[in-house]
Amino acid sequence: MAKTEINEKHVSDSSSNDSRDEIVADYEKAQLGQAPFPSTTGEVPIPPQLARLDSKPPKSTKELETAEEEDAFAHLPEHEAAILRRQLETKPTKVTYFGLYRYATKGDLIILYVSGLAAIIGGAALPLMTIVFGNLSGTFTNLYGPNPDTSGFTSQVAKLVLYFVYIAVGEFIATYIATVGFIYAGEHIASKVREEYLAAVLKQNIAYFDARGAGEITTRITADTNLIQDGISEKVGLTLTAIATFIAAYVIGFIKYWKLTLILTSTIFAIVFTTGILGKFIVKWQKESLAAYAEGGTVAEEVISSIRNAVAFGTQDKLAKQYGKHLAEAEKSGFKMKATMGSMIGFLMMYVYLNYSLSFWMGSRYLAAGEMSLSEVLTVLLAVMIGAFSLGNVAPNIGAFTTATAAGGKIFATIDRVSPLDPKSEGGEVLKVVEGNVELKNIRHIYPSRPEVVVMEDVSLFVPAGKTTALVGASGSGKSTIVGLVERFYNPVGGAVYLDGHDVQGLNLRWLRQQISLVQQEPVLFAISIAANIRHGLIGTEHEDLSAEAAMDLVKHAAREANAHDFIMQLPEGYDTNVGERGFLLSGGQKQRIAIARAIVSDPKILLLDEATSALDTKSEGVVQAALDKAAQGRTTIVIAHRLSTIKHADNIVVMSHGQIVEQGTHDALLERRSAYYDLVEAQRIAQETERKKEADEMSLHESGSSLATPGLEKAEAQYAADPEDLELGRVKTGKSVSSKILADSTSERAKKYPLGTLVKTVLSYNKPEAKWMIFGVFWAVICGGGNPVQSIFFAKAIVALATPLTSPENLAFLRREANFWSWMYFMLAIVQLISFLGQGVAFAYCSERLVFRARDQSFRNMLRQDISFFDKEENTAGALTSFLSTETTHLAGLSGVTLGTILLVTTTLAVCFIISLAVGWKLALVCISTVPILLACGFLRFWMLARFQGRAKKAYEKSASYACEATSAIRTVASLTREDDVWQHYHQQLVDQQKNSLKSILRSSSLYAGSQSLAFLCMALGFWYGSTLLASREYDLFQFFLCFTAVIFGSQSAGTIFSFAPDMGKAKHAAQELKTLVERRPVIDAWSTEGEKLDHVEGAIEFRDVHFRYPTRPEQPVLRGLDLHVKPGEYVALVGASGCGKSTTINLLERFYDPLAGGVYVDGHEISSLNVSNYRNYLALVSQEPTLYQGTIRENILLGADTKEEDVPEEAIVQACKDANIHDFILSLPDAFNTVVGSKGSMLSGGQKQRIAIARALLRDPKILLLDEATSALDSESEKVVQAALDKAAKGRTTIAVAHRLSTIQKADRIFVFHEGRIVENGTHNELLARRGRYYELVNLQSLGKNT
């Protein structure tokens, strides 16, 4: 179950990351003086490269792009370096913004074209308003001229007011079309990019993945594609509208009076110049911040995918700190970026007010000279202002475009990368007939991500068609590498691989992989039904397009061959049972058998078995081995085996060491030779002395064993299949009551919704420490907000001044004096606005970056706090949780700083505008104010629509992203099954469904948005019409009219800007909802809780009393059915039994990953659920089958085991733990010793080394209870000896519980408990149990090794 971390290391085992370090393993043995093959060590020269043992981590992407790559290969001959370089390098792609539209279809382009046209029309409508406005104002001032014409006044006004109404209608239609079109096309194109990216990732060669963490690909497919979508959707429409407004405004200005317009154009240059320079910096820092977070994402992914380990060692806090370091890096660049963005807006606002200042000053001169009329001055001024303002609207969007382009660069670099091993290419020869002869000639191989180590040196091997060839040897000897080369995951730097005499490099890659089936040590299944998993094996064969029934027959046949049919039929849904992410709902043996069925369903010519049974227990191994023997008949089979018992029937056994072949022959011939193979067999001989007494029985057993008809086993299988009453009874007893209750609880947990107020409070609480900065920002935001109302007073005053009739020289002087004064006032306003925007920009940037930092940090900590059942749930896969951390948390800023600033700014503007206008002219003010709610309502409705739209969109993309991540993290499996197209088809379908849903939502929400854009004109019409009546009746003068009108109407228009934040608020609300749910979730088993008794010391007595248990995700499947188990303090006990019988579950319950449904687990007489969890876990240490290491140094990884602060751990303790784990000498042999970096998930070390580091970590806390969950099952016999010795040493003086598949590892145990179907059927010492000739005896015989009899 906790095998999520396996994807990366283990998928890689087929041509393993390990293998590039396996050599190191051998080198290390030589160092320790335990050379693996005494008889041959003398002759096998250690390749000189080993002297330069590599200890650098895989290059991060940043480095790969630089020239450092050159140096890595500098020591190799040029042609070898070229081969390696080709497998790694990615040329950076320069993406222009229009490059993002690379995948737009004809339909998209037509939609974009029409929407663009609509956006432009919508934009041009706004400046037309300035002509109407200018003419109306002219008409009004004429009323106060020397010879007023009252009668014509009303009809003139009515005509002009109607123009406003026409503009409003046009604006509505245009905006609606533009919004719908752009959002729809943007989503469509972004989906295309997502699909292309996935297709590109799937066709990359394996070395490309070795150099990148799984987290990075997750981040790209979730976060970066969202950024692209953001940059090509509605923001494009808004930008086009703004640009159209700008151009139309200038055309109008030049027609009205070119001189003034030209002078005012200086504003534009200032704007363009400022945005250009600051924009450059913004992009630079944006990139830095993205890069820093990608590394943090990888850490988070590593930790979440190996959560059991973090929980068992209580390392949540330490790991969270590590994640925090990466966050801090990202925060610095993010702050610079946001602060720059804030100051940019400040400059733009300053230019706008300076523009007013200039236009009134110059306008008054032209007026005085009689070159212009007031209506022209106003039209030009407003046109230029609207034009410049509209450019201001472009600025925030440019951020989205530059970000999209930056993200596009990374994504398109992958899409454009030409994979040196492209499974999609049509090139290469396809053989008509395949016999299946595989030959390696003079192979020299180096892994591209580890150029210092030569993994194979001059290996030649012939694998005859239809025969089984086995590869054995210590880890690091190059066994898995052969599989990787036959599958063509890598190209060798020297020599060639031949299939039936044809060099595989000349064959079509896809066709080649379809001839070969691979079964790995850690089978990767996909989260679909069992039948669909097996059907993957048919991809690319002639059976691919069979009808569903015919395909099902093949599937069932393959399942029978693989001994899987019976257990599948026992499952509640049979072949339609979903296996869960990476198949975690099945036991190892079950997964493995399904993987074998998948491998043989297409009847391949060549079968590669990479330690296909090493991770299984004896019972499953027997069944799986039988399946494999059956599968291997009549095919070319290459088997890699750690357990030699599994390959003694092979036609040829090849012994490898140090990347070379030491000897080969049949089992018996090699034993005769008493050389390397003989030593390996000896190492695995089980319980020899007891066996000798029973030689007679052994003979008979072996005879039948060759056909695997052991009577005992068949009996066991039959029992396994039968026993239905037990299922029924179990269900009545614990199932309905407890399980159904648990299920009911889990559904109620999901439903909680929080009101917006609570969410805002939550988000603000993350900014508590920045309260001073917040207040500082708020203060300046309020001053920014005051700009609008103040300018409306200046505006009205200036117009009154300019409306002075020029009848006498005094009037002329008055006009000039007044105009100059108000121009200076505008100048003052401009400077104040600049300062206040700078102030709020910096303050809010700081707050929002701190917010994102804390939210990520807290979310991550809260994830780590959850109990294991949280991670078993379908919606909490590692992919989904990492994408929550990378994308959702950044949306929170929408409910904090910047948005808060904007809201305050707008509120201030509205409030002050209302107050001033009511004070000056209440009648007109009230009429104008009555229109404001309409404007605000439209905006609110749009916000509400977007929030709903957001929730659905996120869900669908998250599911598809999780699907894509699952596929990319299992890339070796996908490649060997040639599933690339199939994965892509599924992904494509998920995206298509998502788009259908969102279209309806877009159509609705856009109408409201369009309304909010066009109603402004109707409000103006109303204001002018009513104002005209008040002026005609001489109730108001010009000053009152213009002040009320501009304050309210322009004020409410600026309130419109709040709605440009609506998308962000929609996302923010949703993200806050998720965050709150996560933070509020109190797990049943809470590692943070301070409740429960704390023990001062533990003796180590363990007792299970009638424990019943089912996994919360599979309540219908009983696992433990009344388990009773007693362990005395200091005893070393072993748990053995078939897979799925509850051994690992026992360990899970002891670690308190889960609580039993009935019964109790007691330690020293205390029931563990009454103890404080973290205190209790401090006395335990867990070494699991898959050792989990994190990015960082060896020292950091070992220190994670400490139960005190890292500073308090004395150096001696670390050294001692390493010595006890048999790894100290090896660490010292590395160039950087304890500071050697282990790579992502420890990929730089071999399995045995990782396992010993994990043991050192477990011993560092000096546990009272040591739990070993198949700690050696994944190792070869050589490493196993070393690790086993370390474990035996570790077990002294403490209670040890070992789950073992290989019985040879536990025969020294004080007591052995044999499990069957969730109960203990027998217990005793090794010899007692053998004497009893029960189930244990049968398990031992299945594993016994000897000469073929």
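What you are looking at is a predicted structure, and each value in this text was computed from that prediction instead of being measured. Heads up: numbering here begins at 1 and tracks the sequence.
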**Report entry** Exam field: side chain D224 to backbone A407, donor-acceptor pair closer than 3.5 Å
**Finding:** no
**Report entry** Under 3.5 Å: donor-acceptor pair, side chain of E1196, backbone of T1193
**Finding:** yes
Query - Check: D500 side chain, E435 main-chain N or O, donor-acceptor pair, under 3.5 Å - result: yes
Query raised in the report: Passes side chain to side chain contact (heavy atoms under 4.5 Å, CB included), E302 versus L1189? Steps please.
Result: CA-CA 9 Å; E302 277 182 15; L1189 301 186; over 6 Å; no
Requested in this report: Give a yes or no on whether K605 atom NZ has more than 12 heavy-atom contacts from other residues, nucleotides or ligands under 6.0 Å away.
Outcome: no
Query raised in the report: Does NZ belonging to K287 count more than 12 external heavy atoms closer than 6.0 Å?
Result: no
Report summary line: Between R417 and K203, the two heavy atoms sitting closest are O-CE, 4.3 Å
Query raised in the report: Can you name the closest pair of heavy atoms from V201 and I971 and give their distance?
Result: O-CD1, 4.4 Å
Requested in this report: List for me each residue that meets salt bridge (Lys or Arg N to Asp or Glu O under 4.0 Å) alongside E78, sequence neighbours excluded, and say none if there are none.
Outcome: R85
Requested in this report: For residues R513 and F489, report the shortest heavy-atom separation together with the two atoms involved.
Outcome: NH2-CD2, 3.6 Å
Requested in this report: Say whether, by atom type as modelled, one donor and one acceptor occur between the side chain of S449 and the main chain of D210 under 3.5 angstrom.
Outcome: no
Query raised in the report: Do the non-hydrogen side-chain atoms of E487 and R972 ever get within less than 4.5 Å of each other?
Result: no
Requested in this report: Side-chain contact test, heavy atoms from C-beta onward, threshold under 4.5 Å: evaluate it for V454 versus R444 and give yes or no.
Outcome: yes
Report task. Report the distance from atom CD1 of I1253 to atom SG of C1218, rounding to the nearest 0.5 Å. Result -> 7.5 Å
Query raised in the report: Given side chains that start at C-beta, do those of L76 and I446 come closer than 4.5 Å, heavy atoms only?
Result: yes
Query raised in the report: Hey, does V430 have a side-chain heavy atom less than 4.5 Å from the side chain of L507?
Result: no
Report task. Starting from the C-alpha separation in whole Å, work towards a yes-or-no answer on side chain to side chain contact (heavy atoms under 4.5 Å, CB included) for V299 and Y1190. Result -> CA-CA 7 Å; V299 172; Y1190 302 106; over 6 Å; no
Report task. For residues S419 and N205, report the shortest heavy-atom separation together with the two atoms involved. Result -> OG-N, 3.3 Å
**Report entry** Salt bridge D458-K441, side-chain N to carboxylate O under 4.0 Å
**Finding:** no
Query raised in the report: For the atom pair CD1 (I411) and CD1 (I221), what is the distance rounded to the nearest 0.5 Å?
Result: 8.0 Å
Query - Aromatic ring proximity H445/Y490, centre distance under 6.0 Å - result: yes
Report task. Quickly, which of I482, I638, V438 forms a side chain to side chain contact (heavy atoms under 4.5 Å, CB included) with L461? Name it, please. Result -> I482
Query - Electrostatic pair R102-D416, nearest N-O below 4.0 angstrom - result: yes
Report task. Could you list the residues that satisfy salt bridge (Lys or Arg N to Asp or Glu O under 4.0 Å) with D422, not counting sequence neighbours? Result -> none
Query raised in the report: At what distance, to the nearest 0.5 angstrom, does CG of N491 lie from CD of Q505?
Result: 4.0 Å
Query raised in the report: Could you walk me through whether T90 and Y208 pass the side chain to side chain donor-acceptor pair (under 3.5 Å) check?
Result: CA-CA 9 Å; T90 305; Y208 175 85; 5.2 Å; no
Query raised in the report: Minimum heavy-atom separation for N508 to G427, with atom names?
Result: ND2-O, 3.0 Å
Query raised in the report: Which distance, rounded to the nearest 0.5 Å, do you find between the CG of L471 and the NZ of K479?
Result: 8.5 Å
Report task. Check whether any side-chain heavy atom of L84 sits under 4.5 Å from a side-chain heavy atom of V493, and report yes or no. Result -> yes
**Report entry** Side-chain (S969) to main-chain (C965) donor-acceptor, under 3.5 angstrom
**Finding:** yes
Report summary line: In this structure, CD1 of I415 is separated from CD of E195 (nearest 0.5 Å) by 10.5 Å
Report task. Considering non-hydrogen atoms only, spot the tightest contact between L198 and A964 and give its length. Result -> CD1-CB, 3.8 Å
**Report entry** N/O donor-acceptor pair under 3.5 Å between T636 side chain and G436 backbone
**Finding:** yes
**Report entry** T978 side chain to V974 backbone, donor-acceptor under 3.5 Å
**Finding:** no
Requested in this report: Could you tell me whether the side chain of L499 reaches within less than 4.5 Å of the side chain of N437, counting heavy atoms only?
Outcome: no
Query raised in the report: Do any N or O atoms from the side chain of Q515 and from the backbone of W511 form a donor-acceptor pair under 3.5 angstrom?
Result: yes
Query raised in the report: Do K410 and L290 pass the side chain to side chain contact (heavy atoms under 4.5 Å, CB included) test, and can you show the C-alpha distance, the side-chain angles, and the key distance before you say yes or no?
Result: CA-CA 11 Å; K410 291 178 174 168; L290 279 177; 3.8 Å; yes
Query raised in the report: Are E89 and K91 within salt-bridge range, i.e. N to O under 4.0 Å?
Result: yes
**Report entry** Donor-acceptor contact present, side-chain E663 to main-chain Y677, <3.5 Å
**Finding:** yes
Requested in this report: Say whether Q664 and N652, considering side chains only, have a donor N or O and an acceptor N or O under 3.5 Å apart.
Outcome: yes
Requested in this report: Could you go through the side chain to side chain contact (heavy atoms under 4.5 Å, CB included) check for S976 and I516 one step at a time?
Outcome: CA-CA 8 Å; S976 66; I516 302 173; over 6 Å; no
**Report entry** Heavy-atom side-chain proximity of L421 to R488 below 4.5 angstrom
**Finding:** yes
Report task. Would you mind telling me which of V486, I443, V455 makes a side chain to side chain contact (heavy atoms under 4.5 Å, CB included) with T481? Result -> V455
Query raised in the report: Does the side chain of M456 come within less than 4.5 Å of Q660's, by heavy atoms?
Result: no
Query raised in the report: Below 6.0 angstrom between ring centroids: does that apply to H1224 and F1226?
Result: no
Requested in this report: Would you check if there is a donor-acceptor pair between the side chains of Y97 and T402 at a distance under 3.5 Å?
Outcome: no
Query raised in the report: What's the spacing between I539 CD1 and D981 CG if we round to 0.5 Å?
Result: 8.5 Å
